[in-house]
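This report concerns only the one structure given below.
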Amino acid sequence: MDEIWIYDIASSHWMKQAAIGDIPSVRVRLCSVLVPAPDLSSYQVYMFSGWGEGYFLDMYVLSIPAFVWKKIDLVNYPNEWGIVDMACKLIPP
């Protein structure tokens with residue numbers, strides 16, 4: 001996940017963007033949600049759990065437009081097995 005593919009709807013072209021930081025393992029069947037900053041100057045993509053070479057029980061945040069991954073500590077999360085095939089929803093404050 002060190003390369004992020006972005007589709008530009010205005011030009012109908014794909015672009016590749018390098019990402020840095022705590023790069024997560026490749027996975028499927030994950031849950032993600034996009035959270036905008038109040039002024040829409042940046043966004044965070046929260047990615048939770050999933051399946052790769054076994055279940056993942058972790059969370060990462062991708063900051064955009066910096067394209068920096070940050071791993072989030074889940075020390076007190078009660079499920080030790082990880083979760084797949086779920087839905088995420090952003091609930092506004």
Side-chain angles (χ1 to χ4, degrees):
M1 296 210 194
D2 59 343
E3 293 179 347
I4 310 296
W5 285 90
I6 303 162
Y7 184 71
D8 182 351
I9 59 174
S11 67
S12 299
H13 286 94
W14 285 96
M15 298 173 284
K16 182 170 63 171
Q17 172 68 47
I20 60 171
D22 304 324
I23 307 293
S25 300
V26 175
R27 62 195 66 202
V28 296
R29 300 168 59 189
L30 58 101
C31 179
S32 63
V33 65
L34 179 70
V35 180
D39 64 358
L40 303 179
S41 64
S42 64
Y43 298 87
Q44 283 65 242
V45 178
Y46 286 77
M47 181 183 75
F48 178 69
S49 204
W51 174 264
E53 293 182 19
Y55 290 105
F56 289 105
L57 179 57
D58 54 13
M59 179 180 280
Y60 288 85
V61 178
L62 176 65
S63 295
I64 300 171
F67 291 94
V68 175
W69 284 104
K70 172 77 175 158
K71 186 171 184 179
I72 304 300
D73 186 8
L74 295 178
V75 170
N76 294 319
Y77 188 75
N79 184 337
E80 64 186 54
W81 298 105
I83 301 172
V84 297
D85 295 336
M86 75 211 92
C88 291
K89 181 176 179 168
L90 176 62
I91 300 174

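Count residues from 1 along the sequence. Keep in mind that what you see is a predicted model, and the values were worked out from it rather than measured.
- Residue Ile4 is not grouped with residue Val26 when hydrophobic side chains (ILVMFWY) are merged at heavy-atom distances under 4.5 angstrom, including chains of intermediate members.
- Ile64 and Met59 fall into different hydrophobic clusters, where Ile, Leu, Val, Met, Phe, Trp and Tyr residues are linked whenever their side-chain heavy atoms come under 4.5 Å apart, directly or through other members.
- Note on Val68: it does not cluster hydrophobically with Met1, by side-chain heavy-atom contacts below 4.5 Å among ILVMFWY residues.
- Placement of Trp5 and Ile9 within a single hydrophobic cluster is found when ILVMFWY residues are connected by side-chain heavy-atom separations under 4.5 Å, directly or transitively.
- Linking ILVMFWY side-chain heavy atoms closer than 4.5 Å, directly or via other members, places Ile72 and Leu30 in two distinct hydrophobic clusters.
- Between Pro65 and Ser42 the shortest side-chain heavy-atom distance falls below 4.5 Å.
- Atom NZ of Lys71 is separated from atom CE of Met47 by 10.0 Å, given to the nearest 0.5 angstrom.
- A ring-ring contact (aromatic ring centres under 6.0 Å, His included) check over residues 15-40, counting only residues at least two apart or in different chains, returns nothing.
- For residues 21-53, the set of pairs meeting the ring-ring contact (aromatic ring centres under 6.0 Å, His included) definition, not counting sequence neighbours, comprises Phe48-Tyr77, Trp51-Tyr55.
- Atom SG of Cys88 is separated from atom CG of Leu34 by 12.0 Å, given to the nearest 0.5 angstrom.
- Distance check: Met15 CE to Ile6 CD1 gives 5.5 Å after rounding to the nearest 0.5 Å.
- Asp73 is linked by a side chain to side chain contact (heavy atoms under 4.5 Å, CB included) to Val75, counting only residues two or more places apart in sequence or in another chain.
- Classification of the Tyr60-Trp69 ring pair by plane angle, with boundaries at 30° and 60°, yields perpendicular.
- Between the NZ atom of Lys16 and the CG atom of Asp2 there is a distance of 9.0 Å, given to the nearest 0.5 Å.
- Remark: the backbone N or O of Phe56 is paired with a side-chain donor or acceptor of Ser49 at under 3.5 angstrom.
- Distance CG/Leu62 to OG/Ser32: 10.5 Å, rounded to 0.5 Å.
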